[in-house]
Amino acid sequence: GWGFALLYSVTAVVMSFGLFNVIAAMFVENVVMAAKNKARLARRERLMDHGFFARKVAKLLALVCEIHDSNNEEAGDSDDDPSNFIQRAAWTDISPETFELVRHDERVQRIFDDLDLADEDQMNLFTMLDADGSGSVSLEEICSGIAKLRGEACRSDIISINLMMQDIRVELRSALSCLMRRINRQQDMIKEMCGVTVTDVTASRATSGVRSKSIRKLVSD
């Protein structure tokens with residue numbers, strides 16, 4: 001009858017829409033996975049491309065020197081000679097204020113994005129680069145720090161840090177045991193010296209007592 005035909009039609013329509021939704025979801029998932037794999041491969045290629053990193057770092061250092069010279073009255077006129085640039089880069093130290101100006105520059109932010117530096121790492125970048133706590137960072141520290149901050153943290157990085165901490169712990173224990181042995185040796189030497197001194201003082205007192213008795217006896221005679 002017409003009721004069965006209506007039920008069959010509704011069921012067929014619902015099944016068709018459900019099937020189409022499943023097919024569309026699978027297609028979208030495959031597209032998203034392909035895009036992620038493509039982005040991952042592109043990022044890996046950028047991380048492995050040393051020439052790309054060198055070009056970006058050279059641009060970054062040039063911008064850092066430019067901003068530093070513009071905020072430093074004693075810097076003088078900038079020189080485009082590469083040898084002079086390398087010499088200036090060797091002694092240039094960036095203060096926290098200058099580094100904040102560098103970090104907020106749009107050109108520097110584009111370079112950071114090209115080098116795959118995370119946004120949360122850029123917020124505290126000066127503190128991470130200033131490992132020695134000197135209050136300033138050199139261009140060499142900027143290059144080495146950015147090279148280590150590129151990309152995502154890998155399991156190998158965590159394992160290497162763990163192994164490094166274990167080596168440091170072993171070295172500290174060895175140094176502490178050696179220091180304790182030296183302290184104990186010094187204490188033994190001090191005790192021996194104190195014992196010899198006490199013996200000498202006792203002997204001298206005894207000798208002086210004998211002499212005083214002899215003198216008194218002679219005086220009485």
Side-chain angles (χ1 to χ4, degrees), residues 36 38-176:
K36 288 183 178 179
K38 185 177 180 180
R40 189 180 299 109
L41 292 175
R43 176 179 294 181
R44 183 180 298 177
E45 290 179 357
R46 289 196 303 269
L47 293 176
M48 296 299 294
D49 190 356
H50 300 288
F52 175 81
F53 176 74
R55 291 190 298 270
K56 291 297 180 180
V57 169
K59 292 181 181 180
L60 176 62
L61 295 182
L63 291 174
V64 171
C65 290
E66 178 183 348
I67 297 174
H68 177 267
D69 293 341
S70 64
N71 290 276
N72 189 4
E73 296 179 355
E74 298 179 356
D77 298 332
S78 59
D79 194 353
D80 295 334
D81 189 359
S83 60
N84 293 333
F85 174 77
I86 295 175
Q87 292 177 359
R88 287 195 305 115
W91 53 263
T92 300
D93 290 329
I94 308 301
S95 63
E97 295 78 10
T98 304
F99 191 83
E100 285 298 317
L101 295 175
V102 171
R103 190 174 64 84
H104 286 89
D105 191 276
E106 294 182 357
R107 298 170 294 178
V108 175
Q109 290 181 359
R110 287 196 297 267
I111 293 176
F112 285 165
D113 293 336
D114 294 336
L115 293 175
D116 298 317
L117 263 69
D119 295 335
E120 55 271 16
D121 291 336
Q122 297 181 22
M123 298 298 296
N124 300 320
L125 186 57
F126 183 85
T127 304
M128 289 185 290
L129 296 179
D130 188 17
D132 55 356
S134 61
S136 62
V137 294
S138 63
L139 299 184
E140 182 180 358
E141 290 176 338
I142 293 176
C143 294
S144 60
I146 290 176
K148 295 178 181 178
L149 288 173
R150 294 185 66 196
E152 298 178 353
C154 301
R155 185 178 179 182
S156 59
D157 298 332
I158 300 174
I159 293 175
S160 62
I161 293 174
N162 189 12
L163 294 176
M164 188 183 301
M165 293 298 296
Q166 291 180 2
D167 292 338
I168 293 174
R169 185 184 303 173
V170 172
E171 291 179 358
L172 286 176
R173 287 180 178 176
S174 177
L176 182 60

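Since the model is a prediction, treat every value here as computed from it, not as a measurement.
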Roughly how far, to the nearest 0.5 Å, is [atom2] of [Y] from [atom1] of [X]?
X: Glu141; Y: Met128; atom1: CD; atom2: CE; answer: 13.0 Å
X: Glu66; Y: Asp105; atom1: CD; atom2: CG; answer: 8.0 Å
X: Arg110; Y: Lys56; atom1: CZ; atom2: NZ; answer: 9.0 Å
X: Leu172; Y: Met165; atom1: CG; atom2: CE; answer: 9.0 Å
X: Phe53; Y: Asp116; atom1: CZ; atom2: CG; answer: 11.5 Å
X: Asp167; Y: Leu163; atom1: CG; atom2: CG; answer: 7.0 Å

Search all heavy atoms of [X] against all heavy atoms of [Y] and return the closest pair with its distance.
X: Glu100; Y: Arg103; answer: OE1-NH2, 3.0 Å
X: Gly135; Y: Pro96; answer: O-CD, 3.3 Å
X: Gly145; Y: Leu129; answer: CA-CD2, 3.5 Å

Worksheet item: Heavy-atom distance under 4.5 Å between the side chains of Ile168 and Met164, does that happen here?
Response: yes
Worksheet item: Is there side-chain contact between Ser136 and Thr98, with at least one heavy-atom pair below 4.5 Å?
Response: no
Practice prompt. Show the numbers, then the answer: is there a side chain to side chain contact (heavy atoms under 4.5 Å, CB included) between Leu60 and Ile146?
Written response: CA-CA 11 Å; Leu60 176 62; Ile146 290 176; 3.3 Å; yes
Worksheet item: So does Glu106 have more than 12 non-hydrogen atoms from other groups sitting under 6.0 Å from CD?
Response: no
Discussion item. Taking Val170's backbone N and O only, do any of them form a donor-acceptor pair with Ser174's side chain (distance below 3.5 Å, no angle check)?
Written reply: no
Worksheet entry | Asp130 side chain vs Val137 backbone, donor-acceptor pair below 3.5 Å | no
Fill in: Among Val64, Leu125, Ile142, Leu63, the one residue meeting side chain to side chain contact (heavy atoms under 4.5 Å, CB included) with Val102
Val64
Worksheet entry | Any residue meeting side-chain contact (heavy atoms from CB on, under 4.5 Å) with Leu101, in chain and number order, not counting sequence neighbours | Ile67, Asn71
